[in-house]
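Inspection log for the structure reproduced underneath, given as structure tokens.
Here the structure is a predicted model, which is why all the values come from computation and not from measurement. Letters A, B, ... mirror the listed sequences (proteins, then strands); counts begin at 1.
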Protein chains: 2
Amino acid sequence: MKNLISTLNEFYPLSKESLEQLNSIFVEKKYKKKDKIASFGEVPTNFFVLKSGIVRSYVTDEKGKEFIRALYVPLRAVGAFSSLITKKPTETVYDCLTDCTLLVGDFKKYKQFAKTNIELANLYNVILERLFVRMEKRIFELSLLDAKQRYLKLKRYIPEIETLIPQYHIASYLNVTPVQLSRIRKELYK
Amino acid sequence: MKNLISTLNEFYPLSKESLEQLNSIFVEKKYKKKDKIASFGEVPTNFFVLKSGIVRSYVTDEKGKEFIRALYVPLRAVGAFSSLITKKPTETVYDCLTDCTLLVGDFKKYKQFAKTNIELANLYNVILERLFVRMEKRIFELSLLDAKQRYLKLKRYIPEIETLIPQYHIASYLNVTPVQLSRIRKELYK
DNA sequence: TATAGATGTTAACCTATGTTAATAGAATTG
DNA sequence: CAATTCTATTAACATAGGTTAACATCTATA
């Protein structure tokens, strides 16, 4: 329990009762590298809090090429929120880039509790707010910065990134080809 | 009152009491083309619901060049939410591209009510959820589509857009120069 | 209505990034 | 440890989109 409590209190302090309700919908679970936590075309039912490891989200084009849209580090809320919200099948896949430990939450039960438990409604607000702020930053990044600046920004955000995941995943997150990332690195470190 | 009620019930049905609380924090207000509803560097205190007209948000680079990041049409929630949430000065400016009517809401009072009124907490959830879904779509758009496809998508979203705002604003929203948009249009309509 | 400013188009040229393919070293597995 | 597969680099070439500038309309207002 300790772990769940300390993890979630990072977001929003909760009463005992709320924590008990959370307990009833969250389960801690270990995943292996490459395990999917949300698959293409499914209507997801869970959301997650990442305890350790790195998770990515990506979409796939007609030719099967993958585009990583987000990288998640510990304590971030993870999940196909757009699909949880709209109840439509997700086009975004979420999987583990390393072995991971996640808190798995039942979204429907959560929303059920949030209807009457205002602490949980407000915790959900806080999570959505954080996701929102992060997303807005990502939009600025993608539209205002060139690939070199996006690369430097990612390295500031996760300095160990290059030891954690292969370069072609980083390139995909930056929205460039591995070839272009290689050029950028050459230019930077020459 | 009718107007406020019908506008907000588009989002989430509310009890009389909640509507009264909302009434106490919302004011309907008319704005002229070019009026700002959130200015660079200020910590905003209001959020808005657009009743009529078109609002844009934009950021400015070191050289003073403007980048439109979002366009808002009637019934959308508008505001510098990232700054409202983080309480940090906004780098995004919001202004009216046409004469507009907006519901102006006091964010702090709203949050105050939402602490104890679960309907308002849940309405805020719904607003954040919608903003989130819209934002995620925008990220896919900016990173997966080329300028021509983004242009076609915008025209599907707001078919009258070309009669409402000048082409260079459209180009800015699409993240290309007016020159490039002109090329795209030539190519499409030849 | 004459003039200045705002808007859109086009051309010429430049740059960032994509595509493909060859190569080589690193990592994984039989 | 040999063979295979993965990953990163590099080169050659192609393309989308940026920059600048000239020009043509259009619009507003003095």
I need the NE2-C1' distance between B:His169 and C:dG8, as an integer number of Å.
14 Å

Side-chain N,O (A:Gln167) to OP1/OP2 (D:dT9) below 4.0 Å:
yes

Between B:Thr177 and D:dG17, is there a side-chain N or O to OP1/OP2 distance below 4.0 Å?
no

A:Arg185 CZ to D:dT7 P, in whole Å, measures 15 Å

Can you see if the side chain of B:Lys65 gets near the phosphate of D:dG18 - specifically, an N or O under 4.0 Å from OP1 or OP2?
no

Straight-line distance of A:Leu181 CG to A:Arg150 CZ, nearest 0.5 Å
10.5 Å

d(OH, A:Tyr189; C1', D:dT10) in whole Å
18 Å

B:Thr60 and B:Glu66: side chain donor to acceptor below 3.5 Å:
no

Around B:Lys155, counting heavy atoms of other residues, nucleotides and ligands shown, do more than 12 lie under 6.0 Å from its NZ?
yes

Donor + acceptor pair across side chains of A:Glu129, B:Tyr124 (<3.5 Å):
yes

Quick check on contacts: within residues 157-166 of chain B, what sits under 4.0 Å from DNA chain C by heavy-atom distance?
B:Pro166

Can you pull out the residues from residues 139-150 of chain B that lie within a 4.0 Å heavy-atom distance of DNA chain C?
none

In whole Å, what is the span from the CG atom of A:Leu181 to the P atom of D:dA8?
9 Å

Value in whole Å for how far the P atom of C:dA16 lies from CG of A:Leu174
17 Å

Nearest to the side chain of A:Lys186, heavy atoms from C-beta on, is which of D:dA11, C:dT7, D:dT20?
D:dA11

Nucleotide D:dA11, atom P - distance to CD of A:Glu187 in whole Å:
14 Å

What about the rings of A:Tyr173 and A:Tyr58, do their centers lie closer together than 6.0 Å?
no

Between D:dG17 atom C1' and B:Asn175 atom CG, what is the distance in whole Å?
11 Å

Side-chain heavy-atom pair B:Phe26, B:Phe48 within 4.5 angstrom cut-off:
no

SB check B:Asp95 B:Arg56 (cutoff 4.0 Å):
yes

Does a side chain donor of either A:Arg69 or A:Asn175 reach within less than 3.5 Å of an acceptor in the other side chain?
yes

Expressed in angstrom and rounded to an integer, what is the separation of A:Ile184 atom CD1 from D:dA8 atom P?
14 Å

Group every Ile, Leu, Val, Met, Phe, Trp and Tyr by side-chain heavy-atom contacts under 4.5 Å, then state whether A:Tyr12 and B:Phe113 land in the same group.
yes

Base, sugar-phosphate or nothing for A:Gln180? Non-hydrogen atoms, less than 4.0 Å.
base

Regarding A:Glu119 and A:Ser15, is there a side-chain donor-to-acceptor distance under 3.5 Å anywhere?
yes

In terms of side-chain heavy atoms of A:Val176, which of C:dT17, C:dT7, D:dA8 is nearest?
C:dT17

Tell whether A:Arg183 reaches the base of C:dT19 with its side chain through a donor-acceptor pair below 3.5 angstrom.
yes

